[in-house]
Amino acid sequence: MSRVVNVNLEARAYAIHIGTGCLAALPDLLPAASAALVVTDTNVEAHYGPGVVRGLEQAGWAVARCVVPAGEGSKTLDGAQTIYRAALEAGLDRRSVIVALGGGMVGDLAGFAAATFLRGVRLVQVPTSLLAMVDSSVGGKTAVNLPQGKNLVGVFYQPAVVVADLRTLDTLPEREYVSGLAEVVKYGVIWDADLFALLETRAADVLAREPALLQEVIGRCCEIKAEIVAVDERESGVRAILNFGHTLGHAVETVAGYGHWLHGEAVALGMAYAARVSIRERGFPERDAERVLALLRRLGLPVELEGPAGKLSWDRVRRAMAADKKAHRSRPTFVLAEHMGSVVFGCDVSEDGLRETFDTVRAT
Ligand SMILES: NC(=O)c1ccc[n+]([C@@H]2O[C@H](COP(=O)([O-])OP(=O)(O)OC[C@H]3O[C@@H](n4cnc5c(N)ncnc54)[C@H](O)[C@@H]3O)[C@@H](O)[C@H]2O)c1
């Protein structure tokens, strides 16, 4: 049984289907059309590509595929060009559909290509990583990276439908799965204290990928994201709270070099940092900050800079924060917690506060 979450965006409204085995129903869930380009990466292709293509062909679709190398290195303008070429060779027209089958990298890249090819063809997100299911496939942000930085070129482009088959998580490598859990914890802290408490009591089952629990947890995360996106599609206000933990997280990713940390790992560290800053700046109870750190640790996520990463210099991290595209006149702004399930965005923090708290996440 699938759970369906609706994203209420009037003319751009769509449904998110979350269930075990719902990939088999993909042909029935697609918008009416007859031609599709399935975009995926080499890892996901090996597991799910042929099955998805076969299912669509059996349902009468003309299907072409485009497989890009796995990894963030494909999320570029060249990667988009590869998709445009495949779309042209397949004879896609404006009534066709692009299916993004994969993690957030594929979703962002194929989404960007779908938004721009022929000024927009319909996009179907089929997320296969936990991060993509709870975050990147919902909300319409698409982008590619430039050599100068991540996600610097992109558009808001909502999918026509999202289909998340929990069974695909069976093949997701453990480190990727755990990294995705950071974004799940984030929803608890920013919006839903009950979700946070559920993660605390069922941490072992979450780590064991217990299907019924996953459906409940992923469904709740999608509901929260849908609710936020419905009131602030283009991040002119409250959508910014989804960046909890990302100010330091992005800076650490940049300074350590992409590939050293997975996105969720860097976000976990950033949340640990933001929770500590929140104590001094917003009166976030120490006990709740401790709960955030304890849950992250329990799930196997970092809350301190360890090993060689412990040597990251504050000056470089601070400069990377200033260069972040969300900084305002070189001043990073923060999402800070007031109590569990409630945060405020756009917070200014004193230089001393930023630096002293950084020392607490740097293992000595
Ligand atoms: N658009 C948004 O709102 C948004 C939000 C957060 C992150 N992002 C973007 O998402 C990307 C990160 O997403 P990600 O963590 O999913 O990374 P990813 O897409 O690179 O996937 C991680 C790895 O897991 C593999 N994989 C994915 N699904 C699998 C499966 N079911 N079985 C086996 N292997 C599988 C991939 O091939 C890859 O090697 C980044 O580019 C980030 O910028 C976008």
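In what follows, residues are counted from 1 in the order of the sequence shown. Here the structure is a predicted model, which is why all the values come from computation and not from measurement. Ligands are counted one by one from 1 in listed order, and the atoms in each one are counted from 1 as well.
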Smallest separation among heavy atoms of Val163 and Leu29, with atom names: CG2-CD1, 3.8 Å
Plane angle bin for Phe334 and Tyr273 - parallel if under 30°, tilted between 30 and 60°, otherwise perpendicular: tilted
More than 12 heavy atoms from other groups under 6.0 Å of CD on Glu286: no
Those protein residues which place at least one heavy atom below 4.0 Å from ligand 1: Asp41, Asn43, Val44, His47, Tyr48, Ala70, Glu72, Lys75, Gly103, Gly104, Met105, Asp108, Thr128, Ser129, Leu131, Asp135, Ser136, Lys141, Lys150, Asn151, Thr168, Thr171, Leu172, Pro173, Glu176, Lys225
Arg239: salt bridge (charged side-chain N to carboxylate O under 4.0 Å, His left out) partners, not counting sequence neighbours: none
Arg291 to Phe196, cation-pi by 6.0 Å centre distance and 45° axis angle: no
Asp232-Ser236 side chain donor-acceptor pair, cut-off 3.5 Å: yes
